[in-house]
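Just so we're on the same page: letters track the sequence lines, and every chain starts at 1.
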Amino acid sequence: MKTFRLNPNAILRAATSALLIALLPAQAPAQNQTTLTIAAYPAVDEMIKSAMPAWKKNHPTVDIKVISRQFSDHHTAMTTALSTASGLPDVMVLEYGYVARFAEGGGLENIGDAPYNFKNNTSHFVPYAVRQGTAGSGALVAVPSDIGPGTLLYREDLLKKAGLKESDLTHSWDGFINAGIKLKALTGANLVAHARDIKDILIRVGTTPGDGLYIDKKGTVLVDTPRFVRAFTLAKKVRDEKLDGKIQAWSNEWSEGFKRGTIATQLSGAWLAGHLNNWLAPSTKGLWRAAQLPENSYGSFGGSFYAIPKAAKNKALSWEFIQLMTLNPEIQLSGFKAQDAFPALLDVYKDPFFDQPIDFLGGQKARALWRDATSHITAFEVHKLDPLAEEIVNTELDKVLDQGKPVATALADAKRLLQRSVNR
Amino acid sequence: MSTPGVQRKPWRLKPEYVPYLLIGPFVILFAVFGIFPLVFSFYLAFQSWEPTAGLGAMKFVGMGNFAFVWGDEWFWKSMGNTLWLALASGIPQHVIAIPLAYFLHTSFKRSRNLVVGAYFLPYITSTVAIAMMFGTLFSTDYGLINIGLHTLSEIPGLSWVYPGQPIDWLNKAENVKPAISIVVFWRYIGFNTVLYLAALQTIPADIYEAATMDGAGRMQQFFYITLPSIKPMIYFGVTLSVIGGLQLFEEPFVLTGGRGGTDQAGMTTAMYMYRTAFEFNDFGGASAISWVSFVFVALLTWLTNLAFKPRRGSI
C-alpha cells in the first residue's frame with residue numbers, strides 16, 4: 001500500500017525559516033532601543049509626529065510608534081484592547097466622551113496620585129477640561145490636550161444684506177430665530193444647517209458642574225426637564241419657520257451649503273473655522289465672523305485626552321511623553337498653529353498668537369474670544385449610557401420635527417425608553 | 001530526502017488520514033474565525049459585560065438580555081425595516097433578473113459576455129464606494145437623480161414624477177427605505193441575472209426546437225419550458241436573497257451615515273446589533289439580538305425551502 005511520506009527534516013527546516021521570517025522585523029532595531037507605542041486618531045497623530053524632534057532630544061534611545069486609526073475605528077480598537085488586555089498601547093489618545101466610559105471599566109491608570117501626581121499640575125489646565133478627564137470615582141485618568149470651545153460662526157455679508165447686526169443673533173435664542181426669519185426672507189439662506197444643532201447646544205445650557213446631561217448620578221433620567229423642553233421647542237420653531245436646510249454635518253450638502261452661502265450660521269467648536277478655511281469652503285475667506293453662542297450660552301465641542309492603560313508596560317516613559325505633549329508650551333502652541341487644536345494648557349493663553357487677526361474671519365481676533373469662552377464652560381458628569389441617551393433623544397426629535405409629534409409626548413417616550421435601559 | 005549512512009525513517013501517513021490533513025488548514029481557520037465567535041456570542045448573550053473592564057467582568061444574567069430584546073421597541077422597528085427592505089429589494093431582483101437573463105440568452109450572441117460583465121460589475125464593486133456614489137446621486141439639492149427627475153417632469157404628461165420640491169431622499173423617513181432598496185436592487189440584479197443565465201444555458205436547445213415545431217410561441221416557451229427548468233436555480237437565488245436581505249448592513253449603514261437615517265427609518269437589525277455593541281457598549285444585548293435574528297433567518301429560510309421544494313410528481 002502506498003503511503004504519503006513527510007520528511008521530518010524538511011518540516012523542521014520549513015518551520016525554522018517561517019519563524020525566522022516572522023521574527024525578522026522585530027530583530028531590526030538595536031538591542032537597547034525601547035519603543036513607546038501611542039494609539040491616536042487624525043490630527044492628534046500629526047501633532048505627535050511633529051513633536052518627535054523634541055522627544056528625541058531627551059530620549060535618543062526611545063522610539064515612538066504612532067498607531068493611527070480613523071476616529072471611530074480607534075475607539076473600537078481601544079475597547080477591544082482593554083477588554084482582552086492584549087494589543088494595548090503605552091499611551092492612548094481618547095475623545096472626551098470615552099474617557100469616563102473607559103475609566104468606569106477600571107482599565108485606565110489613576111494619574112492623579114503617585115508616582116504621576118498629576119493633581120499637583122491641574123492648575124495649569126482649563127478647569128472644565130480637567131473635570132472631563134476625571135472619572136466618576138474622582139480619579140484623574142486623563143490629561144487634556146486640546147479642547148473645543150463652542151462658538152457661533154456666521155456670514156457677515158449675509159447679515160449685512162438682511163440689515164442685521166451680530167447682537168441680533170447673540171442677544172437671545174428667540175432673537176436668533178427672529179433674525180433667522182429675516183435672513184431667510186431677504187437672502188434665502190438657511191439660519192442653520194439642521195434644527196438639531198440648536199437642540200444640541202440648548203440641552204447643555206443651564207447645567208452646573210457635576211450635573212448629568214441625560215442621567216444623573218442616582219440614575220434619574222433627566223430628558224423631560226425644562227432644558228430639554230426648551231431645546232425641543234426652539235428646534236421645532238426653527239423647522240416650522242423653514243429656517244434649517246435639514247443638512248447633516250460632514251455631508252456633501254453641508255460643504256456645498258457653506259460654499260454657496262446657503263447656510264448663514266453654524267453653532268460649533270472653534271476648530272470649525274480651521275476646517276472651513278482648509279477644505280470645507282476656502283472660497284468664503286473673509287466672509288465669516290465668530291461670536292459667543294446666543295444668550296451667553298457656553299458649551300464644549302469635543303476634546304482630546306491622553307491616558308495610560310493599567311496594563312501598559314513602560315508607564316514611566318508614557319508619563320514623560322504625556323507631559324511633553326500636554327505641559328510643553330511650545331508643543332501645545334504648535335498644535336494650535338498647525339492643526340487648529342485649541343490648547344488646554346493655560347500657560348500659553350497669554351501668548352501673542354491669541355491676539356493675532358485671523359484672515360479667514362476677516363481679520364477678527366477670534367482666538368481671544370474663544371479663550372474667554374473656556375472660562376465659562378462647565379463639565380457635566382458623563383454616564384455610560386450617554387451614547388444611547390443621545391440616540392434616543394435624537395430619534396424623538398426627528399419625530400417632533402418631521403412627523404409633528406408633540407414635544408411633551410416625545411420627551412415622555414424618550415424618558416420611558418431610556419429608563420428601561422437604566423433599570424436593567 | 002536521505003543522508004548517506006544514516007537512513008531516517010520518514011513519517012508515514014495512512015491514506016485514510018490524508019483528507020483530514022488537507023482540510024486541516026480550513027478547519028483550523030473555521031474554528032478560530034467561525035465557530036469560536038459563534039460560541040462566544042452565544043455565551044455573551046447570557047452575560048452582562050462592561051468590555052473595557054476585561055474578560056473577568058462578565059456577570060451571568062440568565063435570559064435577561066433576551067427578555068430585554070424581546071420587549072425592545074427599537075429591535076422590532078429594526079426587524080420591520082429589515083423585512084421591508086428585504087422584500088422591496090429582493091422581489092424585483094428576481095422578477096426582473098429572470099426575464100433579463102432570458103432576453104440576454106436569446107438576443108445576444110457574441111457580445112453576451114460583455115453585457116453580462118457590465119451587469120455583474122456592481123456586485124464586485126466595493127460597497128462603500130457604491131454607497132458613497134449613491135449618496136452623491138441622492139443629494140437633495142445637487143444630486144443627479146433629482147436633476148434627472150426634474151428634467152423628466154418637464155416633458156408633457158410626465159410632470160407627476162417630480163413633486164415640485166426636490167425629493168429629500170436620505171433625510172425623510174418615508175424616502176430612506178426606497179432609496180436603500182434601489183441601491184440594493186441595483187447591486188444584486190447582475191448577480192441573479194448571471195445565476196439564471198447559467199441555468200438557462202443548461203436547458204437543451206432541442207426542447208425549444210420541439211416546442212417551436214409544435215407551434216409554441218416565445219411566451220409559451222418561456223412559461224412552460226424555461227420557468228419550470230430553472231426552478232432549482234430560483235430556489236437557490238431566493239434563498240440567498242432571503243439570507244442576504246435579512247442580514248443587510250453595509251448599504252444602509254454607509255448611505256445613512258451609520259445612524260439609519262431620520263427616525264432610524266433605514267436601520268436594519270444587523271445595524272442595530274452593531275450599534276448596540278460598539279456604540280451603546282452593550283455586548284450582551286447585541287449578542288442576544290444576533291441570536292433572535294438568527295432564529296428569524298432560519299425560520300424564513302425554512303419557509304422558502306417549503307415553498308420551492310420539488311414536490312413528488314413535479315419535474
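Residues A:Asn252 and B:Ser139 have side chains that never bring a donor and an acceptor to within less than 3.5 angstrom of each other. Side-chain N/O atoms of B:Arg259 and A:Asn394 include no donor and acceptor closer than 3.5 Å.
Put simply, CG on B:Asp263 and CG on A:Leu397 are 11.0 Å apart, with the number rounded to the nearest 0.5 Å. The OG atom of A:Ser251 sits 7.5 Å away from atom CG of B:Asn171, with the distance rounded to the nearest 0.5 Å. Of the inter-residue distances, the one linking B:Thr262 atom OG1 with A:His194 atom NE2 reads 6.5 Å to the nearest 0.5 angstrom. The line from CG of A:Leu388 to CG of B:Asn281 is 10.5 Å long, rounded to the nearest 0.5 Å.
The environment of CZ in B:Phe294 is sparse: at most 12 heavy-atom neighbours from other residues, nucleotides or ligands sit within 6.0 Å. The number of heavy atoms from other shown groups lying within 6.0 Å of CD (A:Gln419) is above 12.
Using a 4.5 Å cut-off between heavy atoms, B:Thr140 contacts chain A through both its backbone and its side chain. Both the backbone and the side chain of A:Glu391 come within contact range of chain B, judged by heavy atoms closer than 4.5 Å. Proximity to chain B (any heavy atom under 4.5 Å) is restricted, for A:Gln403, to the side chain, taken from C-beta onward. Only the backbone of B:Ala67 comes within contact range of chain A, judged by heavy atoms closer than 4.5 Å. For A:Lys246, the parts lying under 4.5 angstrom from a heavy atom of chain B are both the backbone and the side chain. Looking at B:Asp168, only its side chain comes within 4.5 Å of chain A, counting heavy atoms on both sides. Proximity to chain B (any heavy atom under 4.5 Å) is restricted, for A:Thr262, to the side chain, taken from C-beta onward. If you measure heavy-atom distances from A:Ile392 to chain B, the contacts under 4.5 Å come from both the backbone and the side chain.
Between A:Pro387 and B:Phe280, the closest heavy-atom pair is O-CE2, 3.8 Å. In terms of heavy-atom proximity, B:Trp49 sits nearest to A:Ser83 at CZ2-CB, 3.5 Å.
For the set A:Arg420, A:Glu256, A:Glu253, the entry with the most heavy-atom pairs within less than 4.5 Å of chain B is A:Arg420. Most heavy-atom pairs under 4.5 Å with chain B: of the set A:Lys399, A:Glu390, A:Arg260, this distinction falls to A:Arg260. With respect to chain B, the highest number of heavy-atom pairs below 4.5 Å among A:Thr76, A:Leu417, A:Thr79 belongs to A:Leu417.
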Report task. Go through the steps for A:His75 and B:Glu279 under the test side-chain contact (heavy atoms from CB on, under 4.5 Å), then give the verdict. Result -> CA-CA 10 Å; A:His75 290 103; B:Glu279 241 178 89; over 6 Å; no
Query raised in the report: Would A:Ser421 and B:Phe68 count as a side-chain contact (heavy atoms from CB on, under 4.5 Å) if you check the C-alpha gap in whole Å, the side-chain angles of each, and the deciding distance to 0.1 Å?
Result: CA-CA 9 Å; A:Ser421 289; B:Phe68 184 80; 3.6 Å; yes
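Using a 4.0 Å cut-off between a side-chain N of Lys or Arg and a carboxylate O of Asp or Glu, B:Asp282 and A:Arg424 qualify as a salt bridge. A salt bridge does not link B:Glu50 to A:Arg101: none of the charged nitrogens lies less than 4.0 Å from a carboxylate oxygen.
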